[in-house]
Amino acid sequence: MKLRLRLPTGFAWVFATAFVLCSTATFSAAPAFAAAPNRVTSIFKPLSTPAQAVYEISLLALAICGAIFLVVGGLLAYTIVRFRRRPGDEVREPPQVYGSNQIELAWTVIPILIVFVLILATARTIYDVQGAIPPADALNATVVGHQWWWEIRYPKLGIVTANELHVPVSEMSKRRPTFLKLESADVAHSFWVPQLAGKTDVIPNRENVMWIEPTQPGTYVGNCAEYCGMQHARMLLRVIVHPPEDFERWLAAQQKPPVDDPQMAAGRDVFFTTSCINCHAIRGTKAVGKFGPDLTHLMSRQTLGAGVVANTEENLQTWVRDPQHIKPGALMPNMQLTDDELNRIVGYLLTLK
Ligand code: CUA
C-alpha cells in the first residue's frame, strides 16, 4: 500500500517552485571575488587578511548548509509530489512504521560529523584571526566610540582625528597591518567595516582588540553595528587606505600644528570665548575639550557629523548654526550664534586644514 498525504497538488507545486527559487537565490548571491574598495559594504568582497579568513569559513558554512537544504528540501518536495492524494485512494490511515536502527544511526551520526567539521574549521579561523601577533612595526590606533561618532587616536604618533581611520596598504613584499584598540566613551557600539574584518563590539570600561590588513588602497566604508541610540544609523565610519608614501604625507600633515592665520584672529577669538572649547580640542591651543571631535585638522576630513554630510563650507555653516538640523539628537547643541559670530567661527574653522 502506498502512503498518501492529504495535501492538494497545487500546494506541492507552489512549494517546489519556492524551493527552486530560494536555492537559486542563495547561490546566485555567491560572490564576485575581491572587487575594488569602491565604497562597498559586502562581506563577500573581502580585501583584508582577517576579512578573507572570515569569508572563506562563511563559504564553507554556506556550502554545507546549502547542501543540507537541497537534500532535505528535495526529499520533502519529492515526497509531497510522489505520494500526494489521488482520486480513488482509500480513505484510511497509512501503515505506521516504528524503529529502524540504520535510519536512526544515520540521522544521528551524520549531523554530528557535520557539526564537528564546522566546529574545527571555525576554531581554526578564530585562532588565525584572534591569535595574530602584531609585528613590531605594526601601526597602532585606538578607536573610541561616542554617541554618535568615532574618535581615532594614534597614541605613538601624537595624532587625534575623527570618523576617518587612515592606514597604509599592506603589500606582499611588506606587510603593514593595523592593530586597533576599541573603547567606548558612553554606551556599547560595534566597529564594522565589512571588507576589512568582522564586527567587534565596543564596550564601556573594556578594551577590545582587532586588526585589519587592507590589500588595496581606497576608501572603505563601515558603520556602527550595535544599536546605540537615536543616531546609531548615522554613526558612519571610513577607513582610508593609502599607498605607503601617501600615508607618510598624510601623517606629516596631521602631525603639524594648525597654521595660525592672523586674518582669522577675530573668528578664533569668538571660538575661544564661546563654549566650543569645552567640548573640542585644537592642538597647541587652549581648546582641550574631550567630549566632541578634535578639530585640529577638521578640514582635512571628508565628512561632517560622522559621515552625515560632505565637509564643505556650506555644510559646515549649516552644521555650526544648528547641528540638530542635520543630525537630530546629536549631542552638539545649537549655540544660538548671531550671524556675525557664525561667519567668524566658520571662517576660522575653514583654516584648520
Ligand atoms: Cu554606535 Cu550604534
Side-chain angles (χ1 to χ4, degrees), residues 37 39-46 48 50-51 54 58 129-130 140-155 159-167 178-212 214 219-241 278-281 289-295 298 301-311 315-316 319-320 322-334:
R39 302 192 177 168
V40 177
T41 47
S42 170
I43 59 163
F44 291 113
K45 291 176 178 164
S48 165
V54 173
S58 72
V129 173
Q130 297 194 346
N140 289 290
T142 302
V143 177
V144 186
H146 293 255
Q147 283 178 320
W148 291 277
W149 60 281
W150 303 94
E151 175 183 347
I152 293 165
R153 309 169 158 271
Y154 298 78
I159 296 173
V160 182
T161 180
N163 305 318
E164 284 178 12
L165 174 65
H166 290 251
V167 301
T178 301
F179 282 74
L180 302 176
K181 274 187 201 160
L182 304 176
E183 296 168 5
S184 170
D186 37 47
V187 300
H189 304 272
S190 178
F191 182 97
W192 191 35
V193 183
Q195 286 190 291
L196 298 183
K199 295 173 186 173
T200 308
D201 280 350
V202 180
I203 312 273
N205 300 316
R206 195 189 146 85
E207 187 185 287
N208 278 345
V209 290
M210 67 177 294
W211 61 290
I212 57 174
T219 299
Y220 298 73
V221 289
N223 51 288
C224 179
E226 176 75 41
Y227 181 69
C228 54
M230 189 169 176
Q231 287 293 349
H232 155 71
R234 295 208 283 178
M235 184 168 166
L236 307 176
L237 179 64
R238 280 159 196 254
V239 177
I240 295 155
V241 179
N278 292 347
C279 293
H280 294 285
K290 290 268 181 280
F291 197 67
D294 184 297
L295 301 178
L298 170 68
R301 298 179 206 146
Q302 297 178 356
T303 69
L304 291 172
V308 174
V309 288
N311 188 5
N315 287 337
L316 183 63
W319 176 267
V320 178
D322 183 11
Q324 308 300 316
H325 179 71
I326 293 181
K327 195 171 183 178
L331 299 186
M332 174 167 162
N334 180 337

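In each ligand, atom 1 is the first atom listed, and ligand 1 is the first ligand listed.
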Could you pull out the atom name of the N/O/S atom in His189 that is nearest atom 1 (Cu) of ligand 1?
ND1
Phe191 and Trp150 aromatic ring geometry - parallel, tilted or perpendicular at 30°/60° bounds:
perpendicular
Taken to the nearest 0.5 Å, the spacing of Thr142 OG1 from Glu183 CD works out to 5.5 Å
Taking atom 1 (Cu) of ligand 1 as the vertex, measure the angle between atom SD in Met235 and atom SG in Cys228; round to 10°.
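If I round to 10°, I get 110°.
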Does the side chain of Pro333 come within less than 4.5 Å of Gln324's, by heavy atoms?
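Gln324 does not reach Pro333 side chain to side chain.
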Of the options Glu151, Met235, Lys290, which is the one that meets His146 in a side-chain contact (heavy atoms from CB on, under 4.5 Å)?
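The single option meeting the side-chain contact (heavy atoms from CB on, under 4.5 Å) with His146 is Glu151.
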Cys228, Ser190, Pro204 screened by side-chain contact (heavy atoms from CB on, under 4.5 Å) with Ser184, the one that passes:
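So, applying the side-chain contact (heavy atoms from CB on, under 4.5 Å) to Ser184 and each of Cys228, Ser190, Pro204, only Pro204 qualifies.
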Metal site atom 2 (Cu) of ligand 1: N/O/S of Cys224 inside 2.8 Å
yes
What's the atom name of the N, O or S in Glu226 nearest to atom 2 (Cu) of ligand 1?
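So the atom name we want here is O.
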Atom nearest to atom 2 (Cu) of ligand 1 - His232, N, O or S atoms considered:
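His232's closest N, O or S atom to atom 2 (Cu) of ligand 1 is named ND1.
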